[in-house]
Amino acid sequence: MLFKIIPSWTTGGIVKAADRTESVTYAIGDVVVPARELQRKGADIMWLNLGDPDKFDFDTPLHIKEAAVKAMSTYNGYADSEGLPALREAVASREKRKNGISVSKEDVFITNGTSEAIQMIYGALLNPGDEILVPGPTYPPYTSLARFFDAVPVPYVTVEKENWSPDIDDIRKRLSDKTRAILLINPNNPTGALYSRKCVEAIAGLAAEHGAVVISDEIYDTMTFEEQHYSPSRVEDVPVIVIDGMSKAYLSTGWRVGWTVFNDHNGILAEIKDACVKQLRLRISANSVMQEAAVAALNGSQDHIKNVAEKLKERRDFMYKRLNEIEGITTQKPMGAFYIFPKVDCEDDKRFVLDILENTHVLFVHGSGFGPYGKGHFRSIFLPPIETLEKAMNAVETFMTR
Ligand SMILES: Cc1ncc(COP(=O)(O)O)c(C=O)c1O
């Protein structure tokens with residue numbers, strides 16, 4: 001025994017983790033454990049679980065990689081806590097190009113990936129007991145982190161047969177005097193939904209009526225197939241905090257560069273911005289070398305974006321057709337991002353995903369890992385080349401027929 005006395009913060013001498021960590025779940029990572037175990041025994045796993053384009057044939061554009069090398073040979077110190085001024089300017093210019101909105105570099109903060117931005121915004125906005133409306137199903141950190149801050153994530157319905165579009169009446173019903181924010185993830189993870197302009201405007205209108213902030217996760221904004229992404233930032237007089245980053249649009253998930261843009265022309269988010277700056281100073285700076293490279297990415301050629309969307313569309317078409325051919329599986333057509341979220345006839349979707357893994361060596365993520373509205377579904381990526389997807393779908397079909 002290490003301790004001479006057994007303190008109350010131990011269980012039989014083992015130091016207990018803080019209660020808040022109990023709320024932290026990440027289904028996308030959880031299913032990796034049994035897959036690694038199978039791999040260790042020699043299985044060739046088809047990894048359709050993780051949204052990382054860099055693991056497949058989507059390479060970071062060369063001019064951005066070169067900018068990273070150059071940055072590293074020039075300066076390797078900290079950057080300003082709020083972010084490199086040149087990158088904050090570049091993000092503001094991108095906002096003008098993309099959405100026609102004028103913001104200044106003071107409205108932009110640079111974070112270590114979008115993931116840190118989520119934590120920072122929640123840390124600045126949510127008191128214990130405050131509510132945030134999140135899409136159901138949702139990307140798990142948005143619910144886990146809300147609970148981490150003792151706030152309450154309240155899922156709103158997205159309607160599967162309407163291509164997972166948010167149910168505006170349901171959002172209206174769930175607004176309460178504790179609602180601080182409405183979250184949009186558009187294009188959506190895990191459903192691949194792309195919200196129409198009408199839908200985005202309706203949600204922004206509800207938020208404005210109710211005094212809630214819109215948090216808009218736009219990390220997949222360049223990955224759309226038929227229609228273009230429409231940002232709530234375009235809706236006048238609605239305070240919007242955009243969360244975005246390098247990971248997906250610039251095929252550089254490992255660089256960990258993200259940002260937030262405050263579209264707040266009436267200045268009502270001034271205190272929230274100050275609270276963000278305090279947190280940014282606490283962690284000193286985001287990765288300075290990669291911020292230099294991000295300047296080159298945002299200000300340089302955007303040619304890869306069209307090619308990526310075309311390649312993804314072809315793979316989306318394949319998966320949409322093939323999954324709907326398999327007995328017991330039906331799916332909506334994703335209009336953005338690189339996820340598809342099929343429905344499956346089963347009692348327990350996690351058991352289903354684990355059975356598929358054991359029998360076919362194809363790894364998906366169970367739908368209930370994205371919250372209660374994901375139950376009875378699974379999420380697949382369509383990033384790999386068609387030959388890999390075809391092999392995986394043939395194996396799944398054989399399993400389902402059995
Ligand atoms: C909707 C959504 N937001 C944020 C992230 C995190 O991105 P980052 O790599 O910038 O931390 C992801 C990653 O998959 C995501 O799907």
Side-chain angles (χ1 to χ4, degrees), residues 24-32 47-56 58 60 64 83 87 91 94 108-122 132 134-146 153 155 158 164 166 181-195 214-224 229 231-232 241-261 283 286-287 290-291 293-294 297-298 312 334-341 364-365 367 369-371 374 379-383:
V24 178
T25 53
Y26 193 55
I28 301 159
D30 292 350
V31 287
V32 170
W47 303 93
L48 300 190
N49 60 316
L50 188 63
D52 186 352
D54 289 81
K55 291 220 164 13
F56 302 96
F58 295 92
T60 318
I64 317 181
L87 182 55
V91 172
R94 181 177 188 256
V108 176
F109 298 133
I110 309 300
T111 51
N112 284 300
T114 305
S115 304
E116 191 189 36
I118 303 172
Q119 185 151 342
M120 176 188 76
I121 298 297
Y122 276 14
I132 170 162
V134 301
T138 196
Y139 177 58
Y142 282 107
T143 46
S144 282
L145 275 170
T158 59
W164 296 103
I182 305 179
L183 169 71
L184 292 182
I185 303 176
N186 183 30
N188 187 270
N189 177 7
T191 63
L194 178 70
Y195 305 159
V214 176
I215 300 178
S216 182
D217 182 322
E218 307 187 354
I219 195 162
Y220 299 104
D221 59 356
T222 60
M223 294 167 162
T224 63
H229 169 257
S231 173
I241 306 175
V242 171
I243 293 185
D244 203 341
M246 288 285 290
S247 284
K248 318 285 172 162
Y250 295 94
L251 309 168
S252 54
T253 47
W255 287 14
R256 313 311 300 132
V257 179
W259 55 80
T260 56
V261 182
R283 59 67 157 134
N287 183 324
M290 293 317 183
Q291 286 189 67
L298 267 60
L312 285 176
M335 308 305 266
F338 37 66
Y339 306 103
I340 191 159
F341 201 62
F364 298 125
V365 185
F370 300 91
R379 189 194 77 173
S380 177
I381 55 164
F382 47 84
L383 287 164

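Values in this document were obtained by computation on a predicted structure and should not be read as measured data. Both counts, for ligands and for their atoms, begin at 1 and track the order of listing. Residue indices begin at 1 and follow the sequence shown.
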By the definition side-chain contact (heavy atoms from CB on, under 4.5 Å), identify the one residue from P190, P137, P334 that meets it with W164.
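Per the side-chain contact (heavy atoms from CB on, under 4.5 Å) rule, the option paired with W164 is P137, out of P190, P137, P334.
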
Restricting to side-chain hydrogen bond (donor to acceptor under 3.5 Å, both in side chains), what partner residues turn up for [X], sequence neighbours left out?
X: Y220; result: K248, Y339
X: T60; result: D54
X: T158; result: none

Sorted by chain and number, the residues that approach ligand 1 to under 4.0 Å with a heavy atom:
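Ligand 1 pocket, heavy atoms under 4.0 Å: G113, T114, S115, Y139, I185, N189, D217, I219, Y220, S247, K248, R256, Y339.
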
Exam field: side chain T222 to backbone A249, donor-acceptor pair closer than 3.5 Å
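No, the answer is negative, given that no donor and acceptor are paired below the 3.5 Å cut-off.
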
Are the side chain of E218 and the backbone N or O of V242 linked by a donor-acceptor pair below 3.5 Å?
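Between the backbone of V242 and the side chain of E218 there is no qualifying donor-acceptor contact (under 3.5 Å).
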
